[in-house]
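This report refers to the structure that appears directly beneath it.
It should be emphasised that the depicted structure is a prediction, and the values quoted were computed from it without experimental measurement. Here, residue 1 is the first one in the sequence, and each next residue gets the next number. Counting starts at 1 for both ligands and their atoms, in listed order.
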Amino acid sequence: MQLVPVADTQLAVLQQGEGPPVLLVHGFPLDHSMWKYQIEHLARTHRVIAPDLRGLGQSPVAGSPVTMERFADDLALLLEALGVQQPVLYLGLSMGGYIAWEMLRRHRQRLRGLVLCDTKAQADTPEAAQARRQMAETILRQGMQPLEQAMRQKLWAPHSTTRRDEDLEHVQQVIARTNPRGAAAALLGMAQRADATELLPRIDLPVLVVCGEQDVLSPPEQMEAMARAIPGAHFALIPQAGHMAPLENPAEVNARLDRFVQSLDN
Ligand code: MLT
């Protein structure tokens, strides 16, 4: 990983491969390593850029709350710092999808296409926002364990024959190692994020929507409706997978990605 100065901080970023640029934006409270199978696969034909977002993974904590706008501005500055001139194919999972809405609003010229994995367009309900604020307080007091436990219940398909146990344990360790201040800052940022539903019919980019069949955080019915609201979007339902579809069923996700990437090139 390389540390790149961005705004008032630095972002840790993994770069691999050569070719058209692909930006991989992880979920919460994770890091770039959740994309390990896509990094390997896409780097054969693309320049893969996989950062850790501000305050998460190996990127230092800087400020709180960290809004989705701030994360998006960081990514645009990162692309500039790395000398990326071509628009990127943006892959975002969950919070990475929330940040995609702000990339569309603020940095549309940076984007060539979008892959939205296990995410949603709606803002938090007042109750969900309050629960996030409470969780932020809890982890600042007690450390990451309560959040690590909560995510263990929600991220994964109850049954998957394609997932490796070591991948599940790795992600749970990433969560446990996260700086509570970084996680709390992102929780407070997500709690105040804008609704993006009105944006969907106006998206003028190629879009692939990917959803784990057993995702309880962004369920298939909701994601399919989101895909229907985006002109021309493709929808891929991934078997044997929950919220972490790219890691739980990489063969299927990568096959759908290949088809999408080919359609971009034609
Ligand atoms: C994520 O995976 O990024 C989180 O589930 C997002 C969220 O808490 O809404």
Side-chain angles (χ1 to χ4, degrees), residues 23-36 38 50-57 59 65-72 74-75 90-103 114-139 144 146-157 163 167-168 170-176 178 180 182-197 209-212 214-220 222-223 226 238 241-249 253:
L23 181 64
L24 303 181
V25 185
H26 61 78
F28 170 87
L30 312 174
D31 71 4
H32 71 284
S33 64
M34 58 142 286
W35 297 112
K36 77 179 224 195
Q38 289 67 46
D52 287 349
L53 295 165
R54 172 187 288 248
L56 300 170
S59 292
V66 182
T67 60
M68 302 305 107
E69 290 88 337
R70 177 69 264 165
F71 282 132
D74 282 352
L75 292 173
Y90 179 112
L91 276 72
L93 181 130
S94 201
M95 187 175 79
Y98 311 160
I99 299 167
W101 310 134
E102 295 309 325
M103 286 298 285
L114 284 177
V115 180
L116 300 165
C117 301
D118 302 282
T119 191
K120 52 177 164 277
Q122 292 82 7
D124 281 355
T125 60
E127 297 74 27
Q130 182 54 22
R132 285 201 206 272
R133 288 191 284 267
Q134 263 161 17
M135 181 56 90
E137 273 179 37
T138 303
I139 59 176
M144 287 300 286
L147 186 55
E148 193 262 329
Q149 284 307 315
M151 297 315 267
R152 194 177 277 273
Q153 308 304 318
K154 291 187 201 149
L155 289 184
W156 310 98
R163 179 181 66 223
D167 289 335
L168 185 154
H170 168 77
V171 166
Q172 293 297 138
Q173 275 168 28
V174 167
I175 299 173
T178 300
L187 279 168
L188 298 177
M190 283 192 284
Q192 67 181 67
R193 75 186 188 282
D195 194 281
T197 317
V209 173
V210 172
C211 182
Q214 302 173 55
D215 187 345
V216 290
L217 291 172
S218 346
Q222 202 178 312
M223 287 207 76
M226 185 180 96
I238 308 297
H243 194 61
M244 298 302 293
L247 198 63
E248 294 182 274
N249 192 344
V253 169

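- At the top of the distance list for atom 4 (C) of ligand 1, counting protein heavy atoms only, stands Ser94 OG, 3.2 Å.
- Considering Val171, Leu247, Thr178 in turn, Val171 is the only one that fulfils the side-chain contact (heavy atoms from CB on, under 4.5 Å) rule with Leu30.
- In this structure, the protein non-hydrogen atom closest to atom 3 (O) of ligand 1 is Phe28 N, 2.7 Å.
- A salt bridge links Glu148 with Arg152: the distance from a Lys NZ or Arg NE/NH1/NH2 to an Asp or Glu carboxylate oxygen falls below 4.0 Å.
- Residue, atom and distance of the protein heavy atom nearest to atom 9 (O) of ligand 1 are Tyr98 OH, 2.5 Å.
- Atom 8 (O) of ligand 1 has Arg132 NH1, 2.8 Å as its closest protein atom, hydrogens excluded (heavy atom only).
- Residue Gly27 has no nitrogen or oxygen atom sitting less than 3.5 Å from a nitrogen or oxygen atom of ligand 1, judged on distance alone.
- Between the side chain of Tyr90 and the backbone N or O of Gly96, at least one donor-acceptor pair lies under 3.5 Å.
- Checking side-chain atoms of Arg133 against main-chain N and O of Leu187 turns up no donor-acceptor pair under 3.5 Å.
- At a 4.0 Å heavy-atom cut-off, ligand 1 does not touch Lys154 at all.
- Ligand 1 places these atoms under 4.0 Å from at least one heavy atom of Leu217: 5 (O).
- Side chain of Asp31 to backbone of Val174: no donor-acceptor contact under 3.5 angstrom is found.
- Under the 3.5 Å distance criterion, the side-chain polar atoms of Thr67 are matched with a main-chain donor or acceptor of Arg70.
- Interface atoms of ligand 1 facing Met95, defined by a heavy-atom separation under 4.0 Å, are 1 (C), 3 (O).
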